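From a predicted model like this one, the values you see are computed outputs, not experimental measurements. Below, each value reflects all heavy atoms present in this structure, side chains not excepted, and no hydrogens, waters or symmetry copies. Chain naming here is simple, since letters A, B, ... match the order of the sequence lines and numbering starts at 1 in each.
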Amino acid sequence: MPKLDESLLLDLPPFSLLERSQIREILNRAVSKRYEEGTAIFREGHDADRFYLLLDGYLRVVRSTPGGDQVIVLHISPGQLFGIAPALRRDTYPATSIAAAESIALSWPVSLWPEFVANYPGFATESYKTLGERLGQIQETLTEMATQAVEKRVACALLRMVNQSGRKSDAGIEIAFPVTRQNISEMTGTTLHTVSRLLSAWQKDGVVSSTRKHIVVTDPHRLVVLSGLQS
DNA sequence: TCATTAAGTATGC
DNA sequence: GCATACTTAATGA
């Protein structure tokens, strides 16, 4: 395993108030692991034995319906805590986390959670802040799903991915991890066919440019207009 | 307006 | 060359 550098955590919100020595302690007790694209870090319903911090890559947080289709609840970007079941007073994970791209995460046993909360200033408040933000985001997409037409939902989903992971490229802003039409349909409660048709139409209009598993938003403003949000 | 069915092409290991 | 990703048209709720 590679030696972990303190600078990995120094600027991340859950740890930004800590002394170097405390960060050293935290790193010394962390396990670092690499996950191939498509691999599960943990699965819904399983014993929550560890909590995690994403260092690099992107994750899909997924729940499965009784019918067997899956729903993408949200994405995790680098620097975020995840799998923090102890903060929810749960002993099982509420959802499955899948590496959307090759990813690297640190993890600690849940038995250390109370100690982190007690000893590290800012850790608890930051954790609950992340949870609050996620809840807010989920509620937002929920009302969006219930009230907006498919076209707007797909536009919003693209914008969310762009806002979370967008990188400027020559052609526009690209989503930094692989996404399929199937994935987008799982985020928006529609079918991959409808997503394919929408992306084809938007490509013809110069709003997006996509190849397999790769999407560039070439005209973000037009997409915002399509999403029906004001700005 | 959108899902479903169906039948195709394109892409990458 | 096979599985996976993607496209498109037709039909009907």
Side-chain angles (χ1 to χ4, degrees), chain A residues 33-44 54 56-77 95-104 137-231:
Chain A
K33 194 163 184 286
R34 204 178 60 91
Y35 301 89
E36 299 289 335
E37 179 180 334
T39 317
I41 290 87
F42 53 76
R43 292 195 172 275
E44 178 180 348
L54 186 63
D56 192 40
Y58 290 91
L59 309 183
R60 290 193 295 268
V61 176
V62 163
R63 297 215 52 189
S64 300
T65 67
D69 343 272
Q70 54 174 36
V71 175
I72 298 178
V73 181
L74 52 85
H75 288 95
I76 308 279
S77 342
T96 299
S97 289
I98 312 260
E102 180 173 327
S103 299
I104 299 172
Q137 210 222 285
I138 292 167
Q139 286 179 335
E140 214 172 291
T141 55
L142 185 80
T143 55
E144 177 190 302
M145 288 257 250
T147 61
Q148 305 284 22
V150 169
E151 185 181 46
K152 295 189 176 187
R153 304 207 300 267
V154 173
C156 284
L158 286 184
L159 286 173
R160 263 182 263 118
M161 290 189 282
V162 158
N163 287 333
Q164 219 177 21
S165 85
R167 295 186 300 213
K168 289 213 169 60
S169 75
D170 42 347
I173 311 175
E174 67 174 333
I175 294 170
F177 52 88
V179 211
T180 64
R181 274 102 179 116
Q182 173 78 44
N183 290 150
I184 296 174
S185 72
E186 289 162 357
M187 305 174 56
T188 53
T190 182
T191 62
L192 75 133
H193 309 274
T194 297
V195 174
S196 179
R197 276 188 286 267
L198 285 170
L199 287 180
S200 298
W202 291 344
Q203 175 133 356
K204 209 176 314 173
D205 292 347
V207 178
V208 301
S209 165
S210 67
T211 56
R212 102 174 350 211
K213 290 190 176 191
H214 184 238
I215 300 175
V216 179
V217 177
T218 47
D219 190 343
H221 184 257
R222 288 270 297 288
L223 195 59
V224 171
V225 172
L226 287 165
S227 78
L229 300 170
Q230 61 262 50
S231 64

Heavy atoms under 4.0 Å is the rule here; annotate nucleotides 8-13 of chain B 5' to 3' with B where the base is hit, S where only the sugar-phosphate is, and - elsewhere. --BBS-
Look only at the side chain of A/Thr147 and the backbone of A/Thr143, and say whether a donor-acceptor pair between them is shorter than 3.5 Å. yes
Sole candidate of A/Arg43, A/Gln70, A/Arg63 that passes side-chain contact (heavy atoms from CB on, under 4.5 Å) when paired with A/Thr96: A/Arg43
A/Ile175 and A/His214: which non-hydrogen atoms are nearest, and at how many Å? O-CD2, 4.3 Å
Does B/dC2 have its OP1 or OP2 closer than 4.0 Å to a side-chain nitrogen or oxygen of A/Thr194? no
So, do A/Val208 and A/Asp219 sit near enough that their side-chain heavy atoms are less than 4.5 Å apart? no
Sub-4.5 Å side-chain heavy-atom contact between A/Ile173 and A/Arg167: no
Is the distance from OP1 or OP2 of C/dC6 to the nearest side-chain N or O of A/Ser196 less than 4.0 Å? no
Which pair of non-hydrogen atoms, one from A/Arg181 and one from A/Thr211, has the smallest distance, and what is that distance? NH1-O, 4.2 Å
Looking only at heavy atoms, what is the nearest atom pair of A/Pro220 and A/Leu159, with distance? O-CD2, 4.4 Å
Which of A/Thr218, A/Leu158, A/Val217 passes side-chain contact (heavy atoms from CB on, under 4.5 Å) with A/Trp202? Answer is A/Leu158
Please identify each residue that fulfils ring-ring contact (aromatic ring centres under 6.0 Å, His included) with A/His75, with sequence neighbours left out. A/Phe177
Salt bridge (charged side-chain N to carboxylate O under 4.0 Å, His left out) partners of A/Arg160, counting only residues at least two apart: A/Glu144
Side-chain N,O (A/Ser200) to OP1/OP2 (C/dC6) below 4.0 Å: no
Whole-Å distance separating the CG atom of A/Leu192 from the P atom of B/dA7: 17 Å
Return the minimal non-hydrogen interatomic distance between A/Ala99 and A/Ile41, and the atom names on each side. N-CD1, 3.9 Å
Please produce a list of atom pairs where a protein N or O lies less than 3.5 Å from an N or O of nucleotides 9-13 of chain C.
residue	atom	partner	partner atom	Å
C/dA9	N6	A/Arg197	NH1	3.4

Does the A/Ser165 side chain pair with the main chain of A/Met161, one donor and one acceptor, at a distance under 3.5 Å? yes
Select base, sugar-phosphate, or nothing to describe what A/Ser210 touches, counting heavy atoms under 4.0 Å on all strands. nothing
What residues 176-184 of chain A contributes to the DNA chain B interface at heavy-atom separation below 4.0 Å is none
Value in whole Å for how far the C1' atom of C/dT7 lies from CG of A/Leu199: 11 Å
Go through the steps for A/Lys213 and A/Glu37 under the test salt bridge (Lys or Arg N to Asp or Glu O under 4.0 Å), then give the verdict. CA-CA 12 Å; A/Lys213 290 190 176 191; A/Glu37 179 180 334; 3.3 Å; yes
Selection: residues 141-153 of chain A, any non-hydrogen atom under 4.0 Å of DNA chain C: none
